[in-house]
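Keep in mind it's a predicted model, so treat the numbers as computed, not measured.
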Amino acid sequence: MKALILVGGFGTRLRPLTLSVPKPLVDFANKPMILHQIEALKAVGVTEVVLAINYQPEVMLNFLKQFETKLGITITCSQETEPLGTAGPLALARDKLTGDSGEPFFVLNSDVISEYPFKEMIEFHKSHGGEASIMVTKVDEPSKYGVVVMEESTGKVDKFVEKPKIFVGNKINAGIYLLNPSVLDLIELRPTSIEKEVFPKIAAEKKLFAMVLPGFWMDIGQPRDYITGLRLYLDSLRKKSSPKLATGASIVGNVLVDETATIGEGCLIGPDVAIGPGCVVESGVRLSRCTVMRGVRIKKHACISSSIVGWHSTVGQWARVENMTILGEDVHVCDEVYSNGGVVLPHKEIKSSILKPEIVM
């Protein structure tokens, strides 16, 4: 089987992290976002992953080559010269996706994090005999999304309603699809939307089916949702009693600590924290609802909450970093400095406090 991952553009909503690496390579729960997907695809027998990309393909491929051999999976790129939306890339990668097997292929949005129930999806797809299967997820506020109206019993999709003003349902497109190769005949090589142009056609022929995603779902393409996504992901590890979760006197709730990180005396870490490789957390530090990426140093008695600390940054003694502060790569927050929602571009030194959310160039 094959899979196409829609990598797309510049990842502007996750800047300043995406100023250092393409968005799918930004770490999430101590490994690049896209690796969560590739590993799950490999586990259900996908042998080739195609990345649909229009920005920095060399960086992506160079990075992912090391995982080809490790995972035993082929990873190639299909490069757009102009943004082609969510369906155009399928037409562009057509030759890569249609093998001789006639097997259906997966299409994933690279920002989506979930438990990736691909095995169940394959079974669902085979059972209904339609052309396309999509995953849907239930949300509390459907008016912000495109809602999928479907038959509860069979999963047959009736129609799509974009940002409905009145309630039509609470299931939205989760950005995970399994498509028969015949679907490619409906897609022209031009900028086009799979949700607005392709799926409605298949639904009109009563050949589109939706499966409700079990477990959690989050689009982690922006900082607030990234932090929420980490909580949901760690929660799901807890439900599976994963041995990856840290334990110890200083740990509260769900925490991931890379084995190469060191944590000092008298710290309080958690809930919902990921500490990456080579990090040094000195004594008396308090961390909650945050991600600390590779090579970061957090000095004594610093306090970090609801924030993301980018690669190789340092946070000084008694500093306080909170309220969706995002530190890009190699940012140095001086001792006793306070950051309230600062978004700091890479290679900066912060000597004075950031009292209200702002971007620091």
Would you call Ile5 and Val50 a side-chain contact if the rule is heavy atoms closer than 4.5 Å?
no
Side chain of Trp217, backbone of Ala174: donor and acceptor closer than 3.5 Å?
yes
Checking salt bridge (Lys or Arg N to Asp or Glu O under 4.0 Å) for the pair Lys201/Glu131: CA distance, chi angles, key distance, verdict?
CA-CA 11 Å; Lys201 282 184 200 163; Glu131 296 285 281; over 6 Å; no
Any Pro271 side-chain heavy atom under 4.5 Å of Val255 side chain
no
Between the side chain of Ser110 and the main-chain N/O of Leu6, is any donor-acceptor distance below 3.5 Å?
yes
I'd like to know if the side chain of Asn323 pairs up with that of Asn340 as donor and acceptor (distance under 3.5 Å, no hydrogens or angles considered).
yes
For a 4.5 angstrom cut-off between non-hydrogen side-chain atoms, does Val285 reach Glu265?
no
Mark yes or no for whether Thr74, through its side chain, and Glu48, through its backbone, hold a donor-acceptor pair below 3.5 Å.
no
For the residue pair Asp330 / His347, report whether a side-chain donor-acceptor contact shorter than 3.5 Å exists.
yes
Are the side chain of Ser313 and the backbone N or O of Gly328 linked by a donor-acceptor pair below 3.5 Å?
yes
Tell me whether Glu141 at atom CD has more than 12 heavy atoms from other residues, nucleotides or ligands lying less than 6.0 Å away.
no
Would Tyr233 and His36 count as a close aromatic pair, with their ring centres under 6.0 Å?
yes
Expected output: side-chain Thr325 to main-chain Glu322 donor-acceptor under 3.5 Å
yes
Judged by modelled atom types alone, do Asp219 and Asn109 share a side-chain donor-acceptor pair under 3.5 Å?
no
Under 3.5 Å, side chain of Glu282 to main-chain N/O of Lys299, donor-acceptor pair present?
no
Would you check, one step at a time, whether the test salt bridge (Lys or Arg N to Asp or Glu O under 4.0 Å) holds for Glu349 with Lys351?
CA-CA 6 Å; Glu349 186 176 28; Lys351 293 181 175 147; 3.7 Å; yes
Starting from the C-alpha separation in whole Å, work towards a yes-or-no answer on side chain to side chain contact (heavy atoms under 4.5 Å, CB included) for Phe124 and Ile122.
CA-CA 5 Å; Phe124 173 73; Ile122 293 169; over 6 Å; no
Under a 3.5 Å cutoff, is there a donor and acceptor pairing between the side chains of Glu39 and Tyr116?
no
Is it true that atom NZ of Lys138 has more than 12 heavy atoms of other residues, nucleotides or ligands lying nearer than 6.0 Å?
no
Is any side-chain heavy atom of Ile172 closer than 4.5 Å to a side-chain heavy atom of Val148?
no
Between His128 and Phe209, what is the ring plane arrangement, given parallel below 30°, perpendicular above 60°, and tilted in between?
parallel
Counting heavy atoms not belonging to Lys65, are there more than 12 under 6.0 Å from its NZ?
yes
Donor + acceptor pair across side chains of Ser306, Arg289 (<3.5 Å):
yes
Any side-chain donor paired with an acceptor under 3.5 Å for Asp258 and Thr260?
yes
Under 4.5 Å between any side-chain heavy atoms of Val49 and Gln37, yes or no?
no
So Ile354 and Val344, do their side chains get closer than 4.5 Å, heavy atoms only?
yes
Who pairs with Arg190 by salt bridge (charged side-chain N to carboxylate O under 4.0 Å, His left out), at least two apart in sequence or on another chain?
Glu188, Glu197
Please lay out, stage by stage, how Asp111 and Lys23 fare under the test salt bridge (Lys or Arg N to Asp or Glu O under 4.0 Å).
CA-CA 8 Å; Asp111 296 350; Lys23 182 168 60 177; 3.0 Å; yes
Does atom NZ (Lys300) have a neighbourhood of more than 12 heavy atoms from anything else shown, all under 6.0 Å?
no
Compare all side-chain heavy atoms of Ser78 with those of Leu92 and state whether any distance is below 4.5 angstrom.
yes
Given 3.5 Å as the limit, does a donor-acceptor pair link the side chain of Asp335 with the main chain of Gly316, or not?
no
Side-chain donor or acceptor of Lys244 paired with backbone N/O of Leu237 under 3.5 Å:
no
Would you say the side-chain atoms of Ser353 pair up with the backbone N or O of Leu355, donor to acceptor, closer than 3.5 Å?
no
For Ile359, look at atom CD1 and say whether over 12 heavy atoms of other residues, nucleotides or ligands are found less than 6.0 Å away.
no
Report yes if some heavy atom in the side chain of Leu234 is under 4.5 Å from a heavy atom in the side chain of Leu256; otherwise report no.
yes
Crowded around Glu336 CD? As in, over 12 foreign heavy atoms under 6.0 Å?
no
Is the ring centre of Phe118 less than 6.0 Å from the ring centre of Phe106?
yes
Please confirm whether the backbone N or O of Met1 pairs with a side-chain atom of Glu103, one donor and one acceptor, at under 3.5 Å?
no
